[in-house]
There are 2 protein chains.
Amino acid sequence: MSKHLVEIVVIEDEEDILELLEYHLSKAGYAVTGFLSTDRVEQFLEEESPALMIVDRNLPGVEGSDFVAYLRELGYSTPVIFLTAKDQEEDLVEGFRAGGDDYMTKPFSYKELLMRIEALLRRSGALSNDKVKYRDMLLEPRQQRLTIAGTPIELSRLEFKLLLTFVKNPKQVLDRDFLRDEVWGDNTPDFNEKTINVAINRLKKKIDPTGDKDYIVPVRGIGYKLS
Amino acid sequence: MSKHLVEIVVIEDEEDILELLEYHLSKAGYAVTGFLSTDRVEQFLEEESPALMIVDRNLPGVEGSDFVAYLRELGYSTPVIFLTAKDQEEDLVEGFRAGGDDYMTKPFSYKELLMRIEALLRRSGALSNDKVKYRDMLLEPRQQRLTIAGTPIELSRLEFKLLLTFVKNPKQVLDRDFLRDEVWGDNTPDFNEKTINVAINRLKKKIDPTGDKDYIVPVRGIGYKLS
DNA sequence: CCGCATTGTAATCGTTTTGTAACCAAAGAG
DNA sequence: CTCTTTGGTTACAAAACGATTACAATGCGG
């Protein structure tokens with residue numbers, strides 16, 4: 001979809017499993033890059049900086065854990081989840097010693113994998129912990145980022161602040177005075193009547209260009225509300 | 001990694017399991033504080049800040065996950081490993097949703113628990129690595145040296161410190177206040193607004209003279225981020 | 001002390017964002 | 001239906017902000 005999404009690298013030599021992983025991760029909204037071996041991965045890391053790597057232990061040529069240990073040696077600290085059929089304790093220990101963050105044995109639940117991915121992304125700071133969702137809109141105040149149905153939308157600071165106050169007070173009619181205080185600040189003298197109109201207008205054009213989503217609707221004589 | 005002084009909190013209502021945990025963790029070199037219920041934990045967190053918490057799901061009165069969710073709500077981001085007899089998928093999902101970092105079902109191997117603890121500490125703690133690699137940049141803080149794609153680049157003290165804070169917080173938007181505190185120190189009075197701009201500018205010119213790598217990108221009205 | 005690198009400050013430029021004003025369209029009251 | 005009121009739309013001006021450059025201040029090694 002887009003480069004704004006969280007990027008995950010999967011290294012897995014069994015092609016059908018790799019495809020299944022790619023399918024599940026893409027569906028969950030991640031940008032996935034798959035590798036059948038470690039051959040091109042180092043080169044890839046020189047150019048991109050994925051948020052997480054899922055690495056099979058059994059890879060052609062190299063042990064997955066040796067490869068991760070090598071990356072750690074180089075200085076990469078990308079979070080790693082090992083996937084493996086090996087469930088012996090010493091294999092697991094080897095994985096963690098190599099610098100892995102988590103370890104799952106096959107067969108595993110995809111739901112659980114997704115949960116562990118999310119937890120690790122949260123911990124490593126790749127995901128913002130404060131998110132506000134409303135319908136298909138996802139706002140991340142710290143990053144000042146908005147995605148609608150997965151598509152990133154660029155908003156200016158004012159526009160974001162405005163949308164955020166609506167999302168924080170959903171379904172309520174926000175009168176013009178409230179919006180002025182909340183978004184522009186209460187110390188603003190000679191505040192132009194139409195400033196709000198124009199700001200709302202610009203916001204609407206960005207979050208709903210076709211105008212059929214009806215996020216923000218006017219309430220005549222009072223203000224606006226998010227429906 | 002020095003395990004000295006690393007403080008771990010264990011919340012477990014079954015007294016014998018708690019003792020066993022305390023035994024194993026102490027033996028591994030951690031300072032352990034055990035609780036039989038969540039009652040005193042919040043008060044404890046106000047005074048101390050443990051590096052990690054091990055929390056049983058089944059606690060008298062409160063669900064362990066609810067308690068962790070409550071702590072997260074309060075703003076505590078202490079790493080959490082859940083311990084539980086519950087191995088249903090939805091229980092696990094609930095644990096992660098509450099803000100847990102890892103999840104182990106009883107009976108579990110102590111060796112594995114210790115590995116997971118260490119991995120989580122590594123990930124969450126300030127790992128003072130002597131090498132940090134990000135894309136094709138390699139920073140060596142000890143020697144204050146930078147190489148990009150193998151080529152050494154000369155950076156001044158300030159420039160290095162600035163780049164290091166970006167590499168340590170990749171993909172996150174660092175606002176001007178954060179950068180000021182982190183790089184210049186928080187005790188700087190009458191800090192010129194443009195100082196950051198100029199410093200970033202000089203840094204960019206050195207690490208990306210042609211300007212096509214896009215390491216550091218501005219986020220208008222907030223600050224900058226490393227992409 | 002001098003010379004050099006480093007860092008801060010100020011001025012200027014260009015772009016983006018935001019405010020203002022004029023005009024258009026729609027809703028409601030009579 | 002017409003008039004009034006209020007919101008929508010557009011164009012333009014002002015302001016905010018980052019980039020860039022030049023220059024001054026600072027610090028450090030000789």
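In what follows, chains are A, B, ... by sequence order, proteins preceding strands, each numbered from 1.
Note: CD (B:E193) to C1' (D:dA16) measures 11 Å, nearest angstrom. Summarising the geometry, the separation between CD1 on A:I200 and P on C:dG19 is reported as 13 Å, rounded to the nearest angstrom. When rounded to the nearest whole Å, the span between CZ of B:R176 and C1' of D:dG18 equals 7 Å. Per the geometry, CZ belonging to B:R157 stands 6 Å off P belonging to C:dT7, to the nearest Å. Rounded to whole angstrom, the span from the CG atom of A:N201 across to the P atom of D:dT6 amounts to 19 Å. Here the P atom of nucleotide D:dC17 and the CD atom of A:Q144 are 12 Å apart, to the nearest Å. At whole-Å resolution of the value, CG in B:N197 and C1' in C:dA11 are 14 Å apart. Summarising the geometry, the separation between CG on B:L203 and C1' on C:dG8 is reported as 16 Å, rounded to the nearest angstrom.
Heavy-atom distances to DNA chain D give each of A:P218 and B:G223 a nearest nucleotide, and the one nearer the 5′ end belongs to A:P218.
Under a 4.0 Å N-O distance rule, the pair B:E140/B:K131 does not qualify as a salt bridge. A salt bridge is defined here as a Lys NZ or Arg NE, NH1 or NH2 lying under 4.0 Å from an Asp or Glu carboxylate O, and A:R122 with B:D101 fails to meet this definition. Electrostatic pairing of A:E48 and B:R135 does not count as a salt bridge here, judged by no charged N lying under 4.0 Å from a carboxylate O. Look at B:K205 and B:E159 and you find no salt bridge, because none of the NZ, NE, NH1 or NH2 atoms lies under 4.0 Å from a carboxylate O.
For A:F108, the ring-ring contact (aromatic ring centres under 6.0 Å, His included) partners two or more places apart in sequence, or in a different chain, are A:Y110.
No donor-acceptor contact under 3.5 Å links the side chain of A:R202 to the base of D:dG8.
Checked against the 6.0 Å centroid criterion, the rings of B:Y134 and A:Y76 do not qualify as a close aromatic pair.
Relative to the side chain of A:T195, the nucleotides C:dT6, C:dG8, C:dG19 differ in distance, and C:dG19 lies closest. Of all nucleotides listed (C:dT7, C:dT18, D:dT21), C:dT18 comes nearest to the side chain of A:S156. Set against D:dG18, C:dG8, C:dT18, the side chain of B:L158 has C:dG8 as its closest nucleotide. Here C:dG8 is the nucleotide among C:dG8, C:dG19, D:dG8 with the atom lying nearest to any side-chain atom of B:W184.
Residue-level contact check: B:F191 touches neither bases nor backbone, having no heavy atom under 4.0 Å from any strand. As judged by a 4.0 angstrom heavy-atom cut-off over every strand, B:Y224 is placed among residues touching the sugar-phosphate backbone only. Within the nucleic acid shown, B:N192 comes within 4.0 Å of sugar-phosphate atoms alone, with no base atom in reach, counting heavy atoms only.
The C1' atoms of five pairs define one axis at each end of the helix from C:dC1-D:dG30 to C:dG30-D:dC1, and these two axes lie 30° apart (to 10°).
No more than 12 heavy atoms of other residues, nucleotides or ligands shown are found within 6.0 angstrom of CD on B:E154. Atom CD of A:E73 sits in a sparse spot, with 12 or fewer heavy atoms from other residues, nucleotides or ligands closer than 6.0 Å.
Note that CG of A:L83 and CZ of A:R57 are 11.0 Å apart. Values are rounded to the nearest 0.5 Å.
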Please list, pair by pair, any protein nitrogen or oxygen found under 3.5 Å from a nitrogen or oxygen in nucleotides 24-26 of chain C.
none

